[in-house]
Amino acid sequence: MTPGLRLVTDLTSRSMPTAEFADAMSALASGVVLVTCRVGARPWGMTVTAFASASADPPTVLVSLGSETTSARAIRETQSFGVSILAADQLAVARLGSAPGQAKFLEPFVEPDEGRAASPAVAGALAHLDCELCEDVRVADHTIAFGRVRSVRASRSGAPLVYHGRSFRTLADPVHQPTEGNVQWLSS
Ligand SMILES: Cc1cc2nc3c(=O)[nH]c(=O)nc-3n(C[C@H](O)[C@H](O)[C@H](O)COP(=O)(O)O)c2cc1C
């Protein structure tokens, strides 16, 4: 029999982040993206799992970034950002982009010919979305940035990088066949 969910902690009286919240979130498997921007005109990127499509028409995405991160400040300043969806073999750039307080300049990892007007794209990413900031909302200690997608700059098929249980992983086999018909969800 599948075990039921039990109440671990009531968080309503807490003001600090709790291990219980982090433990619960670690149960969710997520794709990994690098949110890219420019810091002093140089390409910069931060590793993020809090990324989602927010609207299909016009295409709009959201990312949730710690408000005190260099990336959140740079995105507000430049009013634009990019999202590179990482492939399974891109652990090195995911590690660079997640080292707290460290420089996250991306020169060794970005497409060499990208123009200055657009956001930096990680070379070899599965896809890259170039976005204009259309709205940002502060929620507790994070800022949710909504980006109107200006262009999809690169795309290739391949296995994604996944994060689950505090570890980077690759996908296991599908558990069922793809849905039949022409159904399109926001994340399809
Ligand atoms: C797999 C993974 C996913 C992450 N996702 C997020 C996220 O969605 N939002 C966020 O603010 N930080 C996230 N982080 C943490 C940031 O990447 C990290 O704290 C980064 O160093 C913050 O930038 P800073 O050094 O400019 O403060 C994640 C880290 C890892 C390893």
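Whatever order the structure lists ligands and atoms in, that order sets their numbers, starting from 1.
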Enquirer: Got the residues with a heavy atom under 4.0 Å of ligand 1, by chain and number?
Expert: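 Answer by chain and number: M46, T47, V48, T49, A50, S64, L65, G66, T69, T70, G97, S98, A99, P100, G101, K104, H142, Y163, F168.
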
Enquirer: Check this for me: R169, atom CZ, are more than 12 non-hydrogen atoms of other residues, nucleotides or ligands nearer than 6.0 Å?
Expert: yes

Enquirer: Taking Q90 for the side chain and A123 for the main chain, is one N or O donor matched with an acceptor at less than 3.5 Å?
Expert: yes

Enquirer: Check whether the side chains of S119 and S80 place a donor and an acceptor atom closer than 3.5 Å, and report yes or no.
Expert: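 There is no such pair between these side chains.
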
Enquirer: Is it the case that S84 and H128 place a side-chain donor and acceptor less than 3.5 Å from each other?
Expert: yes

Enquirer: For residues 144-167, which residue pairs pass the ring pair (Phe, Tyr, Trp, His ring centres under 6.0 Å) check, not counting sequence neighbours?
Expert: Y163-F168

Enquirer: For S71 and W44, does a side-chain donor sit closer than 3.5 Å to a side-chain acceptor?
Expert: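 Result is yes, a qualifying pair exists.
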
